[in-house]
Amino acid sequence: SCATSGYLPIYTLTIDDKSFAAKQILSSLQEGLKMISYVAKDLSVTLNNNDLRDSKIDYMDVIDTFSNHNEYKFSFGGYCRMNSVTGVESCSDCNGIDIFSCLIKDIGLQLGSISKVEDPKVIGTSFVITYSSSLSSLETLYRRGKLNEPGFEELDIDRLSLVHGLKMAHYFDKYMRYFLLWNTVLGILVSSSIIYVFLQVLLLRKSPTLTQLRSLPFNMTFLLVLSTASLVFHIFFVAALDFYYMSLEQVLHKYEIAAISRGSGHALFVVSTLF
């Protein structure tokens with residue numbers, strides 16, 4: 001699970017079909033995934049006739065990424081999907097807090113599984129690559145349409161703005177990983193500096209020297225500056241996570257197909273700001 005693999009969930013997502021509009025959208029998505037599942041099962045029998053020809057095809061086993069029985073947990077390390085009916089939890093690495101990319105990968109992984117391919121991860125990765133490439137192409141159209149370039153004036157900018165948002169989610173995940181790395185490095189440096197200054201004070205109490213007495217103020221000033229920089233950086237990091245959460249909440253509320261909440265990993269980052 002996300003926790004046992006060393007990652008606590010930053011965000012938790014549940015599929016919600018309470019509204020009429022959500023029921024229509026999710027029903028269309030699920031029917032499409034069912035058709036893909038049936039075709040994949042038939043092709044798997046055709047392509048692997050020596051192994052699967054005599055086996056019974058389970059047509060009840062379909063891609064259920066958008067089932068309202070699912071709860072998703074996203075962290076920087078990946079995501080986990082828990083089905084409340086079967087109690088089965090499936091986890092995979094992905095572009096963690098780019099939740100849309102992770103959902104695409106989940107579709108690919110499930111497709112690979114029901115297709116009986118040797119390594120479903122290959123299908124999942126292929127889906128993410130295709131999704132990313134498609135977003136890049138549509139993002140180019142969006143930018144040209146925004147600039148009213150010749151030949152692009154008639155584009156539906158309102159619809160393409162959704163694509164722009166999905167692309168921004170991809171960038172956010174990418175850059176937040178760098179911020180997480182530097183945040184961790186700063187934390188390690190601060191901890192190391194505290195230990196060093198503490199040991200230096202102990203040594204001064206036992207056998208003070210002129211060199212140590214002169215270097216102590218500098219080391220304490222350096223520790224203060226480093227601690228302040230780490231705190232400011234950490235506050236910015238947590239604020240960025242919260243801003244992203246509110247942006248996701250706004251988008252999901254608009255389409256009414258899912259509900260998102262902050263996870264224990266987010267709470268841990270907030271609490272760690274105080275220490």
Side-chain angles (χ1 to χ4, degrees), residues 1-41 58-117 120-121 123-128 130-131 162 165-166 169-170 173 244-245 247-267:
S1 68
C2 291
T4 56
S5 60
Y7 297 96
L8 293 173
I10 307 297
Y11 307 116
T12 299
L13 180 81
T14 53
I15 306 299
D16 186 1
D17 63 351
K18 293 178 182 177
S19 71
F20 177 73
K23 278 183 169 62
Q24 286 189 314
I25 295 173
L26 291 172
S27 177
S28 299
L29 289 172
Q30 289 167 357
E31 287 302 317
L33 292 177
K34 279 183 183 179
M35 290 302 299
I36 294 173
S37 301
Y38 297 154
V39 171
K41 287 174 182 291
D58 181 10
Y59 282 104
M60 296 299 291
D61 182 21
V62 296
I63 301 171
D64 69 342
T65 297
F66 297 107
S67 167
N68 60 355
H69 300 304
N70 289 331
E71 180 184 66
Y72 291 89
K73 296 180 179 180
F74 302 94
S75 69
F76 284 105
Y79 78 98
C80 289
R81 170 171 48 82
M82 168 65 80
N83 188 295
S84 60
V85 175
T86 63
V88 175
E89 184 179 48
S90 303
C91 299
S92 175
D93 60 312
C94 69
N95 299 327
I97 57 175
D98 178 5
I99 66 174
F100 307 104
S101 175
C102 291
L103 292 174
I104 293 296
K105 183 166 188 178
D106 188 72
I107 293 173
L109 288 172
Q110 290 196 56
L111 179 62
S113 179
I114 65 176
S115 301
K116 307 299 182 183
V117 298
K121 289 184 178 180
I123 305 297
T125 302
S126 298
F127 268 51
V128 173
T130 303
Y131 167 75
L162 175 60
L166 294 174
H170 175 75
D173 172 76
Y244 181 60
Y245 163 78
S247 300
L248 289 173
E249 188 179 41
Q250 185 178 8
V251 171
L252 295 173
H253 178 72
K254 178 181 178 180
Y255 293 96
E256 300 182 315
I257 59 173
I260 191 168
S261 59
R262 300 174 180 89
S264 55
H266 185 282

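Remember, it's a predicted structure, so these values are computed and weren't measured experimentally. Values below: all heavy atoms of this structure, side chains included; hydrogens, waters and symmetry mates excluded.
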Residues which pass side chain to side chain contact (heavy atoms under 4.5 Å, CB included) with S84, listed by chain and number, not counting sequence neighbours: H69
Counting C-beta onward and ignoring hydrogens, is there a side-chain heavy-atom pair between L111 and I63 closer than 4.5 Å? yes
Nearest heavy-atom approach of V128 to S101 is CG1-OG, 3.6 Å
Closest heavy-atom pair and its distance - I99, Y244: N-OH, 4.2 Å
Would you check if the side chain of N95 reaches a backbone N or O of H170 as a donor-acceptor pair within less than 3.5 Å? no
Value rounded to 0.5 Å, distance of SG in C80 from CZ in F74: 10.0 Å
Under a 3.5 Å distance rule, please check whether D64 uses its side chain to pair with a backbone N or O of S67 as donor and acceptor. no
If you take all heavy atoms of L252 and A258, which pair is closest and at what distance? CB-O, 3.6 Å
Heavy-atom donor-acceptor pair, D173 side chain to I97 backbone, under 3.5 Å: yes
Could you measure the distance from the CD atom of E89 to the CZ atom of R81? Nearest 0.5 Å is fine. 10.0 Å
Can you name the side chain to side chain contact (heavy atoms under 4.5 Å, CB included) partners of T125, sequence neighbours left out? K105, I129
If only atom types and distance count, is the side chain of S113 paired as donor or acceptor with the main-chain N or O of L109 below 3.5 Å? no
Which distance, rounded to the nearest 0.5 Å, do you find between the OH of Y79 and the SG of C91? 8.5 Å
The reported gap from CG in D98 to CG in L166 (rounded to nearest 0.5 angstrom) is 8.0 Å
Using the ring of each side chain (for Trp, its six-membered ring), is H266 parallel, tilted or perpendicular to Y245, with breaks at 30° and 60°? tilted
Taking the side chain as everything from C-beta on, heavy atoms only, tell me whether L13 gets closer than 4.5 Å to L248. no
On a heavy-atom basis, which atom in T65 and which in N70 lie closest, and how many Å separate them? O-ND2, 3.5 Å
Contact summary for V62 and Q110, nearest pair of heavy atoms: O-OE1, 3.8 Å
Does the side chain of C102 reach to within under 4.5 Å of the side chain of Y72, using non-hydrogen atoms? no
What is the minimum heavy-atom distance between G112 and P120, and which atoms define it? C-CB, 3.9 Å
Any chance you could measure I10, atom CD1, to R262, atom CZ, to the nearest 0.5 Å? 12.0 Å
At what distance, to the nearest 0.5 angstrom, does CG of D106 lie from SG of C94? 9.0 Å
Got a list of side-chain donor-acceptor pairs under 3.5 Å for residues 25-32, not counting sequence neighbours?
unit_1 : atom_1 : unit_2 : atom_2 : d
S28    : OG     : Q24    : O      : 3.0
Q30    : NE2    : F66    : O      : 2.7

